[in-house]
Amino acid sequence: MDPMDIVGKSKEDASLPKATMTKIIKEMLPPDVRVARDAQDLLIECCVEFINLVSSESNEVCSREEKRTIAPEHVLKALEVLGFSEYIEEVYAAYEQHKLETMQDLRSGKWTNGAEMTEEEALAEQQRMFAEARARMNGGTAGPKQPEQPDQNLES
């Protein structure tokens, strides 16, 4: 992919938050596994490229249907076209769960700009979401959370 394929941005402008990605990588691996910094960077680049690939194909699916807004069904179709059919069911389930949580948050008045959430509340919510993602990735079984140890697993 050409660095300028991302609309109006250079490749360096399109990235994912390194700290968040490192945390995701760390949580998906056994506690005794270390990941070199170069490997972390490569994984982040792969994620960016994957997002670009799925976004581009979703846009093409959307255009073929003469629509102007990419909808979830366009993303699911893009995954199928790109050969990721085995993930569609799980992606759709995650999407449905997100919709349910969003509606619950709207009904309970929790949907705010985030200013009312304390740092501790935000951290607790993030940990809950990571646990749910781990459970989905492990086939619905949430294993016991390993105690946090200061950066022994990853080189930063």
Side-chain angles (χ1 to χ4, degrees), residues 1-30 35 37-143 145 154:
M1 174 181 278
D2 185 62
M4 293 306 290
D5 283 352
I6 304 163
V7 181
K9 300 211 177 211
S10 70
K11 187 176 182 179
E12 293 78 30
D13 291 339
S15 190
L16 297 169
K18 195 169 192 168
T20 302
M21 293 301 297
T22 299
K23 185 173 179 81
I24 291 169
I25 293 165
K26 187 176 180 180
E27 288 188 355
M28 297 309 297
L29 298 173
V35 181
R37 187 173 295 148
D38 288 351
Q40 289 178 41
D41 292 344
L42 181 59
L43 283 166
I44 292 169
E45 282 299 314
C46 289
C47 291
V48 169
E49 289 300 319
F50 180 75
I51 291 167
N52 288 333
L53 180 67
V54 174
S55 298
S56 177
E57 186 61 38
S58 299
N59 185 49
E60 289 182 29
V61 170
C62 181
S63 294
R64 282 193 295 271
E65 293 182 9
E66 298 180 355
K67 304 283 185 181
R68 294 183 57 181
T69 302
I70 297 174
E73 55 268 16
H74 299 134
V75 176
L76 295 172
K77 180 66 177 173
L79 288 171
E80 182 182 332
V81 168
L82 293 168
F84 296 104
S85 297
E86 67 269 20
Y87 297 104
I88 291 175
E89 188 176 320
E90 187 175 341
V91 168
Y92 186 75
Y95 167 64
E96 287 296 317
Q97 181 66 31
H98 169 74
K99 281 192 338 188
L100 286 173
E101 289 174 5
T102 301
M103 292 308 293
Q104 288 170 351
D105 289 348
L106 285 171
R107 284 191 208 115
S108 68
K110 286 173 73 177
W111 198 259
T112 65
N113 65 2
E116 290 82 13
M117 188 180 285
T118 67
E119 186 172 329
E120 292 79 17
E121 291 170 331
L123 182 60
E125 179 68 8
Q126 182 183 41
Q127 293 301 323
R128 181 191 66 75
M129 292 168 70
F130 279 134
E132 287 177 4
R134 268 193 306 278
R136 284 194 303 269
M137 291 298 293
N138 294 328
T141 59
K145 173 74 173 116
L154 297 175

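Because the structure is a prediction, the values reported are computed rather than measured. The residues of the chain are indexed from 1 along the displayed sequence.
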Quiz prompt | CA sep, side-chain torsions, deciding dist, call: Glu132, Glu101, side chain to side chain contact (heavy atoms under 4.5 Å, CB included) | solution = CA-CA 12 Å; Glu132 287 177 4; Glu101 289 174 5; 3.1 Å; yes
Practice problem: Could you walk me through whether Glu27 and Gln127 pass side chain to side chain contact (heavy atoms under 4.5 Å, CB included), step by step? | Solution: CA-CA 11 Å; Glu27 288 188 355; Gln127 293 301 323; 4.0 Å; yes
Quiz item: Can you check side chain to side chain contact (heavy atoms under 4.5 Å, CB included) on Met21 and Leu43, steps first, answer last?
Solution: CA-CA 9 Å; Met21 293 301 297; Leu43 283 166; over 6 Å; no
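Note: Glu73 CD to Cys62 SG = 9.0 Å, rounded to the nearest 0.5 Å. The CG atom of Leu79 lies 11.5 Å from the CD atom of Glu90; values are rounded to the nearest 0.5 Å. Here Glu45 contributes atom CD and Cys47 contributes atom SG; the two are 9.5 Å apart, rounded to the nearest 0.5 Å. Residue Gln40 holds its CD atom at 12.0 Å from CD1 of Ile24, rounded to the nearest 0.5 Å. Annotation: the span from Ser85 atom OG to Lys77 atom NZ amounts to 8.5 Å, rounded to 0.5 Å. The CZ atom of Phe130 sits 9.5 Å away from atom CG of Leu123, with the distance rounded to the nearest 0.5 Å.
Heavy-atom minimum distance, Ser15 versus Val48: CA-CG2, 3.8 Å. A pairwise comparison of heavy atoms in Ile44 and Lys18 identifies CD1-CG, 3.9 Å as the closest pair.
Open room surrounds OH on Tyr92; 12 or fewer heavy atoms of other groups in view lie less than 6.0 Å from it. Heavy-atom contacts from other residues, nucleotides or ligands closer than 6.0 Å to CE of Met129 number 12 or fewer. Heavy atoms from other residues, nucleotides or ligands lying under 6.0 Å from CD of Glu86 number more than 12.
Residues meeting the side-chain contact (heavy atoms from CB on, under 4.5 Å) test with Ala94, sequence neighbours left out: Arg136. Residues satisfying the side-chain contact (heavy atoms from CB on, under 4.5 Å) test with Val75, not counting sequence neighbours, are Val54, Ser58, Ile70. Residues that satisfy the salt bridge (Lys or Arg N to Asp or Glu O under 4.0 Å) test with Lys67, not counting sequence neighbours, are absent from this structure.
One finds a salt bridge joining Glu57 and Arg64 here, because a Lys/Arg side-chain nitrogen approaches an Asp/Glu carboxylate oxygen to under 4.0 Å.
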